[in-house]
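In what follows, a single structure is set out as structure tokens and then discussed.
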2 protein chains.
Amino acid sequence: MLLSKSCVYGVQAAIYMASLPRNEYVAIQEIARELNISFHFLTKVLQNLTQAGLMVSYRGPNGGIALARPTSSINLADIIDAIDGSDIFHECLFGLPGCGIADPCPAHENWSTMRARLHNLCHMLTLEELGKRANQLNVRLANASVPMKPATLIAAITNSSQAPIEK
Amino acid sequence: MLLSKSCVYGVQAAIYMASLPRNEYVAIQEIARELNISFHFLTKVLQNLTQAGLMVSYRGPNGGIALARPTSSINLADIIDAIDGSDIFHECLFGLPGCGIADPCPAHENWSTMRARLHNLCHMLTLEELGKRANQLNVRLANASVPMKPATLIAAITNSSQAPIEK
DNA sequence: CAAATTACAGATAACATACTCTGAAAAATG
DNA sequence: CATTTTTCAGAGTATGTTATCTGTAATTTG
Ligand code: SF4
Ligand code: SF4
């Protein structure tokens with residue numbers, strides 16, 4: 001698979017958060033439940049994102065994690081970078097170290113354009129856009145057994161008692 | 001990584017064989033040495049290719065493996081299919097089971113075109129083309145410590161005592 | 001037929017990834 | 001200040017991939 005499982009979880013969680021009407025602290029427990037991901041494992045994954053400065057966390061009741069920047073300024077590549085590293089965008093089909101035009105493999109020409117296209121795509125896809133799409137009908141975010149955001153979302157909207165968003 | 005290590009080895013070996021002037025039995029030992037791959041491991045990998053009908057093998061002295069079809073009728077996708085399976089071409093960025101337009105994830109539109117492009121590319125790249133390119137100057141096939149085909153190739157050209165190519 | 005050379009088969013070990021569990025530390029709430 | 005809720009930190013487990021090793025079957029050569 002192109003992305004590691006950890007990375008997929010991180011991306012799904014990020015899109016889930018971006019799909020919410022407002023940027024507020026969400027408990028990892030809720031995300032894990034909603035996306036059908038192991039809670040403890042997701043915790044570890046998301047720590048990468050907070051350490052990378054993409055998210056901020058807040059402990060205690062009503063705490064959780066929130067996006068550190070507006071959804072329009074976080075893209076797919078940012079998240080992949082933080083979890084899997086940027087190797088995917090630079091390494092080659094054959095995984096040879098020290099690739100380059102000076103010493104190319106037989107597939108270099110084709111692959112390098114492919115790779116660049118992928119990098120472009122992941123840079124273009126912002127959380128804003130992905131979050132919007134996730135809110136559309138018949139769009140699913142994960143292999144969830146439960147349909148996307150039932151009462152949870154409404155609760156989040158009406159619930160005004162939130163921890164301060166600025167660290 | 002997109003391809004497993006096994007798959008990379010298989011592709012490298014196939015290109016190496018395609019780069020030879022004639023389609024003749026080559027000892028796996030030679031390929032492993034030339035491409036800097038563990039012999040026993042490469043053996044296992046190449047068994048996938050013979051079982052898939054892409055290569056034929058012959059035991060005993062002067063035996064080895066050879067391409068089962070002309071280089072022009074074997075492409076990258078064939079080899080990837082035989083070793084890693086065709087999942088890469090059909091599975092998605094998020095690895096969700098049962099993907100489709102009816103129940104898409106937020107990245108479907110972008111990713112499905114990306115994926116199709118990749119599949120196309122791997123279908124277009126025949127061993128004939130890849131072998132040709134491998135023979136060009138400054139092109140390398142693997143992370144080899146030894147420069148590509150020194151005396152080995154000349155020996156293969158001049159050596160006329162070969163096992164019968166038809167099984 | 002004996003010896004050498006090769007692919008084939010299967011067991012085992014080393015390593016990485018994916019996942020689980022336990023116990024802390026921080027913050028709110030009453 | 002005790003209790004609850006949350007993230008944080010790290011050990012431990014399970015599973016799969018990668019690599020190694022040992023032996024066997026097929027084939028040629030002399
Ligand atoms: S030459 Fe290009 S395609 Fe080949 S391994 Fe290097 S970067 Fe990748
Ligand atoms: S909807 Fe498309 S991109 Fe998303 S998981 Fe399915 S096939 Fe992949």
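In what follows, every chain begins at residue 1, and chains take the letters A, B, ... in the order their sequences are listed.
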Quiz item: Can you list the residues that meet the side-chain hydrogen bond (donor to acceptor under 3.5 Å, both in side chains) rule with A/Asn75, with sequence neighbours excluded?
Solution: A/His123
Self-check item: Listed partners of B/Ala82 passing side chain to side chain contact (heavy atoms under 4.5 Å, CB included), at least two apart
Solution: B/Leu49, B/Ala52, B/Leu54
Quiz item: D/dT15 P sits how many Å from A/Phe41 CZ, rounded?
Solution: 15 Å
Quiz item: What's the CE-C1' distance between B/Met1 and D/dT18, to the nearest Å?
Solution: 11 Å
Quiz item: Over how many whole Å does the gap from A/Asn36 atom CG to C/dA18 atom C1' extend?
Solution: 16 Å
Practice problem: Verify the contact: side-chain N or O of A/Ser38 to OP1 or OP2 of C/dT20, cut-off strictly under 4.0 Å; return yes or no. | Solution: yes
Quiz item: Please give, in whole Å, the distance from C/dC21 P to A/Leu42 CG?
Solution: 16 Å
Quiz item: Can you name the residues that form a side-chain hydrogen bond (donor to acceptor under 3.5 Å, both in side chains) with A/Glu129, not counting sequence neighbours?
Solution: A/Arg133
Practice problem: Would you check if the side chain of A/Ser73 reaches a backbone N or O of A/Arg69 as a donor-acceptor pair within less than 3.5 Å? | Solution: no
Quiz item: Just how far, in rounded Å, is P of D/dT18 from CD1 of B/Ile37?
Solution: 13 Å
Quiz item: Nearest-Å distance, OH (B/Tyr25) to C1' (C/dC8)?
Solution: 15 Å
Self-check item: B/Leu67, B/Thr126, B/Leu130 screened by side chain to side chain contact (heavy atoms under 4.5 Å, CB included) with B/Ile74, the one that passes
Solution: B/Leu67
Self-check item: Pairs flagged by salt bridge (Lys or Arg N to Asp or Glu O under 4.0 Å) wherever residues 7-19 of chain A is involved - sequence neighbours left out
Solution: none
Self-check item: N/O (side chain, B/Ser6) to phosphate O (OP1/OP2, D/dT18) under 4.0 Å
Solution: yes
Exercise. Starting at atom NZ of A/Lys5, determine the distance to atom P of D/dA14, rounded to an integer number of angstrom.
Key: 18 Å
Quiz item: What string of B, S and - do you get for nucleotides 2-11 of chain D, 5' to 3', if B is base contact, S is sugar-phosphate-only contact and - is no contact with any protein heavy atom under 4.0 Å?
Solution: --BBBBBBB-
Quiz prompt | d(CG, B/Leu49; P, C/dC8) in whole Å | solution = 11 Å
Quiz prompt | Any B/Tyr9 side-chain N or O less than 4.0 Å from OP1/OP2 of D/dA19 | solution = yes
Quiz item: Who passes side-chain hydrogen bond (donor to acceptor under 3.5 Å, both in side chains) against B/Ser4, sequence neighbours left out?
Solution: B/Asp84
